[in-house]
Amino acid sequence: MKIATWNINSVRIRLEQVIDWLKQNPVDVLCLQETKVIDADFPRSLFEELGYHLYLSGQKSYNGVALISRKQLVDVTTGFTAILSDQLLEWDEQKRVITGVIDGIRIVNLYVPNGAAVGTEKYAYKLRWLKVLREYLKCLLLSQPDICVCGDFNIALEAKDIHDQVSPDNHIMASELERQALRDILAMGFADAFRKFTTEGGHYSWWDYRAAAFRRNLGWRIDHHYLTPALYERAKSCIIDATPRKLTQPSDHAPVILELEDK
DNA sequence: ATGGCTTCGGTTCGAAGA
């Protein structure tokens, strides 16, 4: 089974590129982030013509996540409050969470808040959001041991996940508090699928649009698949496909593809 | 180098992204 994650920065702008990629990479599940469209306006038809089922949680202008699956998913829910208490309703105003189960595997598709800059209100929101995410995943783990949490985390955990022309100290996406918040989540029993196969640095999933960052390979690895132990054992490969980043008018992120051994 | 570039909304620049 192949599970891909891709922040496409507007599904309407990127529709042709995503469909072309999906034709060449017929993954079982494609997790999209930053779809930037309400569900009623999501361009469904080209995906459905390829035989995919769509599960959406979108909003106007910002954020938005989608699960695009070859097989029908079960137990699909959106947001934190479907799993946690309704007292957290404010956390679902921004559409950043969708989950569903395929072949006994729960896939959680996330768009973690960016956080703007360390010390801002958005940074504080990111840290609080990660705390809620931890409770959410803790809840899911009670009923399902096999979980793949993937998406745009907006966090690079190690120096080797970041090009060397940036000083990570207190940089957004690399600051100690957000890294610790992510480590606190992983400590519940998740491991980075990419690092099962690739230990060296220099592999990135996001390059700034500005300053010709892609051409100079000034990137960050911030798009991840985190797996519970049995799934981690089943992981056969985890590849960043930089090809779409080379196209004209690309997303600033590249897709990342996880392959799991069939059971 | 508080900029560089891209998207959205709703009119054409400001906000947000990372």
Side-chain angles (χ1 to χ4, degrees), chain A residues 5-18 21 31-43 56-66 91 93-97 109-130 133 150-179 181-182 194 201-224 240 242 244-256:
Chain A
T5 178
W6 194 4
N7 179 323
I8 37 134
N9 186 16
S10 171
V11 70
R12 288 179 289 189
I13 293 284
R14 225 69 63 199
L15 182 60
E16 191 180 337
Q17 290 185 22
V18 175
W21 186 86
C31 302
L32 297 177
Q33 303 90 35
E34 280 208 273
T35 53
K36 294 188 173 179
V37 65
I38 58 170
D39 297 348
D41 291 342
F42 194 99
L56 311 172
S57 182
Q59 69 182 84
K60 195 158 82 168
S61 307
Y62 305 114
N63 312 314
V65 285
W91 291 99
E93 286 168 15
Q94 300 182 19
K95 306 305 181 193
R96 299 177 173 278
V97 181
N109 176 17
L110 300 178
Y111 175 45
V112 177
N114 164 272
V118 174
T120 62
E121 178 49 44
K122 285 183 178 153
Y123 180 71
Y125 181 87
K126 182 181 195 175
L127 295 177
R128 294 199 304 270
W129 193 93
L130 288 165
L133 174 63
C150 62
D152 175 3
F153 283 75
N154 275 319
I155 298 172
L157 273 182
E158 300 180 279
K160 68 182 178 182
D161 296 322
I162 310 169
H163 69 85
D164 59 10
Q165 293 195 22
V166 74
S167 40
D169 294 344
N170 247 23
H171 195 296
I172 194 63
M173 302 189 291
S175 71
E176 186 48 36
L177 284 179
E178 57 194 301
R179 281 178 168 174
L182 179 51
F194 184 81
H203 296 272
Y204 308 128
S205 64
W206 172 81
W207 299 261
D208 201 312
Y209 282 126
R210 301 163 294 186
F214 182 67
R215 184 176 55 74
R216 299 156 66 201
N217 197 27
L218 302 180
W220 293 59
R221 194 175 71 87
I222 54 176
D223 299 88
H224 309 295
I240 300 169
R245 189 63 179 80
K246 299 171 184 166
L247 299 171
T248 305
Q249 203 180 19
S251 167
D252 42 356
H253 293 254
V256 188

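Letters A, B, ... mirror the listed sequences (proteins, then strands); counts begin at 1.
- For A:Glu34, the listed nucleotide lying nearest its side chain is B:dG17; candidates were B:dT7, B:dG17, B:dG4.
- Straight-line distance from the CH2 atom of A:Trp207 to the P atom of B:dG4: 23 Å, rounded to whole Å.
- Going from atom NZ of A:Lys122 over to atom C1' of B:dG17 covers 9 Å, rounded to whole Å.
- The distance from atom CG of A:Leu218 to atom C1' of B:dG3 is 15 Å, rounded to the nearest whole Å.
- With hydrogens and angles disregarded, a donor-acceptor distance shorter than 3.5 Å links the side chain of A:Arg14 to the backbone of A:Gln249.
- Residues from residues 150-158 of chain A placing a heavy atom under 4.0 Å of any atom in DNA chain B, listed by number, are A:Asp152, A:Asn154.
- Toward the 5' end of DNA chain B, the nearer of the two residues A:Asn9 and A:Ile222, judged by each one's closest nucleotide, is A:Asn9.
- Under the ring-ring contact (aromatic ring centres under 6.0 Å, His included) criterion, A:Phe214 pairs with A:Trp207, not counting sequence neighbours.
- Nucleic acid contact for A:His253: sugar-phosphate only, since backbone atoms but no base atoms lie under 4.0 Å from a heavy atom of the residue.
- B:dG14 and B:dG3 are spaced 13 Å apart, taking the P atom of each and rounding to whole Å.
- Toward the 5′ end of DNA chain B lies the nearest nucleotide of A:Tyr209, the other residue of the pair A:Gly115 and A:Tyr209 mapping further downstream.
- As judged by a 4.0 angstrom heavy-atom cut-off over every strand, A:Asn63 is placed among residues making no nucleic acid contact.
- With both ends at atom P, the span from B:dT11 to B:dA1 equals 38 Å, rounded to whole Å.
- The CG atom of A:Asp208 sits 14 Å away from the P atom of B:dG17 (whole-angstrom rounding).
- The nearest whole Å value for the distance from the OH atom in A:Tyr62 to the P atom in B:dA15 is 9 Å.
- Across all strands, A:Tyr111 comes closer than 4.0 Å only to sugar-phosphate atoms, never to a base (heavy-atom distances).
- A:Leu247 places its CG atom 16 Å from the C1' atom of B:dT6, with the value rounded to the nearest Å.
- Residues that satisfy the salt bridge (charged side-chain N to carboxylate O under 4.0 Å, His left out) test with A:Arg96, not counting sequence neighbours, are absent from this structure.
- Residues passing the ring-ring contact (aromatic ring centres under 6.0 Å, His included) test with A:Tyr111: none are found, sequence neighbours excluded.
- Taking atom CG of residue A:Asn7 and atom C1' of nucleotide B:dG17, one finds them 9 Å apart after rounding to whole Å.
- A distance-only check finds a donor-acceptor pair linking the side chain of A:Tyr209 to the backbone of A:Asp252 [under 3.5 Å].
- Remark: A:Glu176 engages A:Arg183 in a salt bridge (charged side-chain N to carboxylate O under 4.0 Å, His left out) (not counting sequence neighbours).
- Side-chain nitrogen and oxygen atoms of A:Gln249 include at least one within less than 4.0 Å of the OP1 or OP2 phosphate oxygen of B:dT7.
- Atom C1' of nucleotide B:dT6 and atom CD1 of A:Ile8 are separated by 14 Å, given to the nearest angstrom.
- Among the atoms of the strands shown, only primed sugar atoms or phosphate atoms (P, OP1, OP2) are found under 4.0 Å from some heavy atom of A:Arg14.
- Among the atoms of the strands shown, none is found under 4.0 Å from any heavy atom of A:Ile172.
- Within the structure, the salt bridge (Lys or Arg N to Asp or Glu O under 4.0 Å) test picks out the following pairs touching residues 109-123 of chain A (sequence neighbours left out): A:Glu121-A:Arg128.
- With B:dG17, B:dC8, B:dG9 as the candidates, the nucleotide lying closest to the side chain of A:Ser10 is B:dC8.
- With B:dG9, B:dT7, B:dG17 as the candidates, the nucleotide lying closest to the side chain of A:Arg12 is B:dG9.
- Remark: side-chain polar atoms of A:Asn9 are not paired, donor with acceptor, to backbone N or O of A:His253 under 3.5 angstrom.
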